[in-house]
S.K.: 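Before anything else, here's the structure in question.
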Amino acid sequence: MSTKPKILVTHKLPETVQDYLNLHGDCTFWNQEGSMPRSVILDKVSDAEGILGGTIDEELLSCAPRLRVASTSSVGYNHFDLDAMRSHGVIGTHTPYVLDSTVADLVLALMLSAGRRIAELDAYVKQGKWQKGTSGTELFGVDVHHSTLGIIGMGRIGEAIAKRAVFGFDMNLLYHSRRPKKEVDERFHARFCELDELLCESDYIVVMTPLTPETKHLIGEEQFNLMKSSAIFINASRGATVDEQALIKALQQGKIRGAGLDVFDIEPTPVDNPLLSMPNVVTLPHIGSATARTRNDMAELAARNLVEALNGGQAYIVQELKDLVPN
Ligand SMILES: NC(=O)c1ccc[n+]([C@@H]2O[C@H](COP(=O)([O-])OP(=O)(O)OC[C@H]3O[C@@H](n4cnc5c(N)ncnc54)[C@H](O)[C@@H]3O)[C@@H](O)[C@H]2O)c1
Ligand SMILES: O=C(O)[C@H](O)CO
């Protein structure tokens, strides 16, 4: 009988990562597209000590008496019910750092696309609307360079965005976070400010906080009312950090100029979401970290975290559950 810990993996992993997990665990993999159906997870998790997969909630935990570690292949872990994990003594791990640059690249792409109307005007050309005699003013956008960027949530990804914006595009930087960061102020000539001030003064506003009870609907009607009517709003954090109905209203009423969104309240977002028919809104299907290299790095790190945490080694344990690990 195998003495290796039983591990359940609920979505497809690269072969090399499966090989690594097979060395360290007695593994059940899911090799189809999408993720293992919930009913199968609830059945198969009954004897697992480690799980590499998505949502961890009370229902799953009560089916998993032997579970010790839950690993997610993402930096965000709002799909972990932290209270339930704590009460079941289950540690959670995640994948910080390895995706910072890839997500920051995408945020800049959203800023450029929404500001300079790339997606909208690509459609304009392809639909034959570009004709002789247009003055061109109707094609004007908002400059990225030398504009003021306000980043809400100056963490790992926030800093990677700051680097691109300040050194690549000469942007002026404001930020709001849980605390000011002297190194950010110095490196990027940035200024920490309260949320309201950031909203009033920024040309581009990027939300990059985790989704927590405090950040749920951090940006709502009151906050959109403070923004410049020329502001471009970007969300690549989680859909629920923003009140989506308030965003729709702000765009419909011209309170802001445009938006770039990688995340939505409901994902996949329904096709009748009014945001999808607004030409001044760029929408993406939650692809912040979606490059082959970065997703591979994330999968490797998620697997390593799981093995290390099961063996009492070094892993990226989520902040809120670090105290569950014996010193
Ligand atoms: N779109 C995507 O594909 C994608 C990819 C990666 C990460 N994300 C999201 O981005 C988030 C941030 O990732 P990170 O690695 O930069 O995390 P991080 O923990 O390094 O940074 C988050 C920052 O937000 C700040 N913050 C937290 N609560 C706040 C509040 N109430 N008000 C103001 N600031 C607050 C923190 O102080 C911290 O500086 C993830 O949690 C995830 O939800 C999305
Ligand atoms: O939190 C993350 O890492 C992303 O949203 C998933 O790729």
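Treat the numbers as computed from the prediction; the structure is a model and nothing was measured. Just follow the structure's listing: the first ligand is 1, and inside any ligand the first atom is 1. The residues of the chain are indexed from 1 along the displayed sequence.
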S.K.: What protein heavy atom sits nearest atom 37 (O) of ligand 1, and how far off is it?
M.R.: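 I find the closest protein heavy atom is Arg178 NE, 3.1 Å.
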S.K.: Is ligand 1 under 4.0 Å from a heavy atom in the side chain of Met154, in the backbone, in both, or in neither?
M.R.: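 It is the backbone that gets close, since no side chain atom is under 4.0 Å.
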S.K.: Can a non-hydrogen atom of Asp262 be found less than 4.0 Å from any atom of ligand 1?
M.R.: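 Per 4.0 Å heavy-atom rule, Asp262 contacts ligand 1.
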S.K.: Which protein N or O atoms sit under 3.5 Å from any N or O of ligand 2? Give each pair with its distance.
M.R.:
residue	atom	partner	partner atom	Å
ligand 2	1 (O)	Gly76	N	2.9
ligand 2	1 (O)	Arg238	NH2	2.7
ligand 2	3 (O)	Val75	N	2.8
ligand 2	5 (O)	Arg238	NH1	2.8
ligand 2	5 (O)	Arg238	NH2	3.3
ligand 2	5 (O)	His286	NE2	2.7
ligand 2	7 (O)	Ser289	OG	2.7

S.K.: Locate the shortest heavy-atom distance separating Met171 from Tyr204; write the atom from each residue and the value.
M.R.: CE-CD1, 3.8 Å
S.K.: Could you walk me through whether Asp57 and Arg38 pass the salt bridge (charged side-chain N to carboxylate O under 4.0 Å, His left out) check?
M.R.: CA-CA 12 Å; Asp57 56 13; Arg38 177 79 173 172; 2.8 Å; yes
S.K.: Are Asp323 and Arg86 within salt-bridge range, i.e. N to O under 4.0 Å?
M.R.: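 So Asp323 pairs with Arg86 through a salt bridge.
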S.K.: Do Arg191 and Glu201 sit within salt-bridge range, that is, some charged N less than 4.0 Å from a carboxylate O?
M.R.: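 Salt bridge: yes.
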S.K.: Is the shortest heavy-atom distance from the side chain of Met111 to the side chain of Val206 under 4.5 Å?
M.R.: yes
S.K.: Identify which of Lys216, His286, Gln319 has a heavy atom lying nearest to atom 2 (C) of ligand 1.
M.R.: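 The residue whose heavy atom sits nearest atom 2 (C) of ligand 1 is His286.
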S.K.: Does Ile152, backbone or side chain, put an N or O under 3.5 Å from an N or O of ligand 1?
M.R.: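 For ligand 1, there is no N or O atom that lies under 3.5 Å from one belonging to Ile152.
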S.K.: Measure from atom 9 (C) of ligand 1 to every heavy atom in Ser237, Gly155, Pro96 and give the option owning the shortest one.
M.R.: Ser237
S.K.: Which residue owns the protein heavy atom closest to atom 42 (C) of ligand 1, what's the atom, and how far is it?
M.R.: Arg238 NH1, 3.7 Å
S.K.: Which residue and atom name correspond to the protein heavy atom nearest atom 13 (O) of ligand 1, and how close is it?
M.R.: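 Result for atom 13 (O) of ligand 1: Ile157 CD1, 3.5 Å.
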S.K.: Should you measure from each heavy atom of Gly153, which atoms of ligand 1 turn up under 4.0 Å away?
M.R.: 23 (C), 24 (O), 25 (C)
S.K.: Looking only at non-hydrogen atoms, find the nearest pair between Leu42 and Leu60 and report the distance.
M.R.: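 Distance-wise, the nearest heavy atoms are CD2-CA, 3.7 Å.
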S.K.: Can you report which non-hydrogen protein atom sits closest to atom 17 (O) of ligand 1, along with the distance?
M.R.: Arg156 NH2, 3.4 Å
S.K.: How far is atom 31 (N) of ligand 1 from the closest protein heavy atom, and which atom is that?
M.R.: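 Heavy-atom neighbour on the protein nearest atom 31 (N) of ligand 1: Thr215 CG2, 3.4 Å.
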S.K.: Taking all non-hydrogen atoms of both residues, which atom of Gly158 and which atom of Met208 are closest, and how far apart?
M.R.: N-CG, 4.2 Å
S.K.: Determine the sole option in Arg66, Lys6, Lys4 for which the salt bridge (charged side-chain N to carboxylate O under 4.0 Å, His left out) test with Glu49 is passed.
M.R.: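 Only one of Arg66, Lys6, Lys4 forms a salt bridge (charged side-chain N to carboxylate O under 4.0 Å, His left out) with Glu49, namely Arg66.
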S.K.: Hey, which atoms in ligand 1 end up nearer than 4.0 Å to a heavy atom of Pro210?
M.R.: 22 (C), 24 (O), 27 (C), 41 (O)
S.K.: For atom 10 (O) of ligand 1, what is the closest protein heavy atom, and at what distance to 0.1 Å?
M.R.: Met208 CE, 3.2 Å
S.K.: Report the part of Val103 (side chain from C-beta onward, or backbone N, CA, C, O) that has a heavy atom under 4.0 Å from ligand 1; answer both or neither where that applies.
M.R.: side chain
S.K.: For residues Gln18 and Leu21, determine if any side-chain heavy atom of one lies less than 4.5 Å from a side-chain heavy atom of the other.
M.R.: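 Side chain of Gln18 against side chain of Leu21, heavy atoms only: no contact under 4.5 Å found.
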S.K.: Parallel, tilted or perpendicular for His94 and Tyr77, by the 30°/60° rule?
M.R.: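 Because their plane-to-plane angle is over 60°, the rings of His94 and Tyr77 count as perpendicular.
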S.K.: For Glu300 and Asn296, test the side chains for any donor-to-acceptor distance below 3.5 angstrom and give the result as yes or no.
M.R.: yes
S.K.: May I ask you to identify, for Ser289, whether its side chain, its backbone, both or neither come under 4.0 Å of ligand 1 on a heavy-atom basis?
M.R.: backbone
S.K.: Heavy atoms only, cut-off 4.0 Å: how does Thr209 contact ligand 1, side chain, backbone, both, or neither?
M.R.: both
S.K.: I need the minimum non-hydrogen distance between Val263 and Glu267, along with the two atoms involved.
M.R.: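 Where Val263 meets Glu267 most closely, the heavy atoms are CA-OE2, 3.2 Å.
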S.K.: I need the atoms of ligand 1 closer than 4.0 Å to a non-hydrogen atom of Val75, numbered in the order shown.
M.R.: 6 (C), 7 (C), 15 (O), 40 (C)
S.K.: At a 4.0 Å cut-off, with the gap strictly under it, does some heavy atom of Thr212 reach an atom of ligand 1?
M.R.: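 False for this residue.
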S.K.: Begin with the C-alpha distance, continue with both residues' side-chain angles, and end with the deciding distance and a verdict on side chain to side chain donor-acceptor pair (under 3.5 Å) for Ser71 and Thr93.
M.R.: CA-CA 5 Å; Ser71 169; Thr93 68; 3.2 Å; yes
S.K.: List the closest protein heavy-atom neighbour of atom 4 (C) of ligand 1: residue, atom name, distance to the nearest 0.1 Å.
M.R.: Ala236 O, 3.6 Å
S.K.: Is the distance from the ring center of Phe188 to that of Tyr175 below 6.0 Å?
M.R.: no
S.K.: Checking a contact table here: which protein heavy atom is nearest atom 25 (C) of ligand 1, and how many Å away?
M.R.: Ser177 OG, 3.6 Å
S.K.: Which residues satisfy the side-chain hydrogen bond (donor to acceptor under 3.5 Å, both in side chains) test with Glu244, sequence neighbours excluded?
M.R.: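 Glu244 satisfies side-chain hydrogen bond (donor to acceptor under 3.5 Å, both in side chains) with Asn273 once adjacent residues are dropped.
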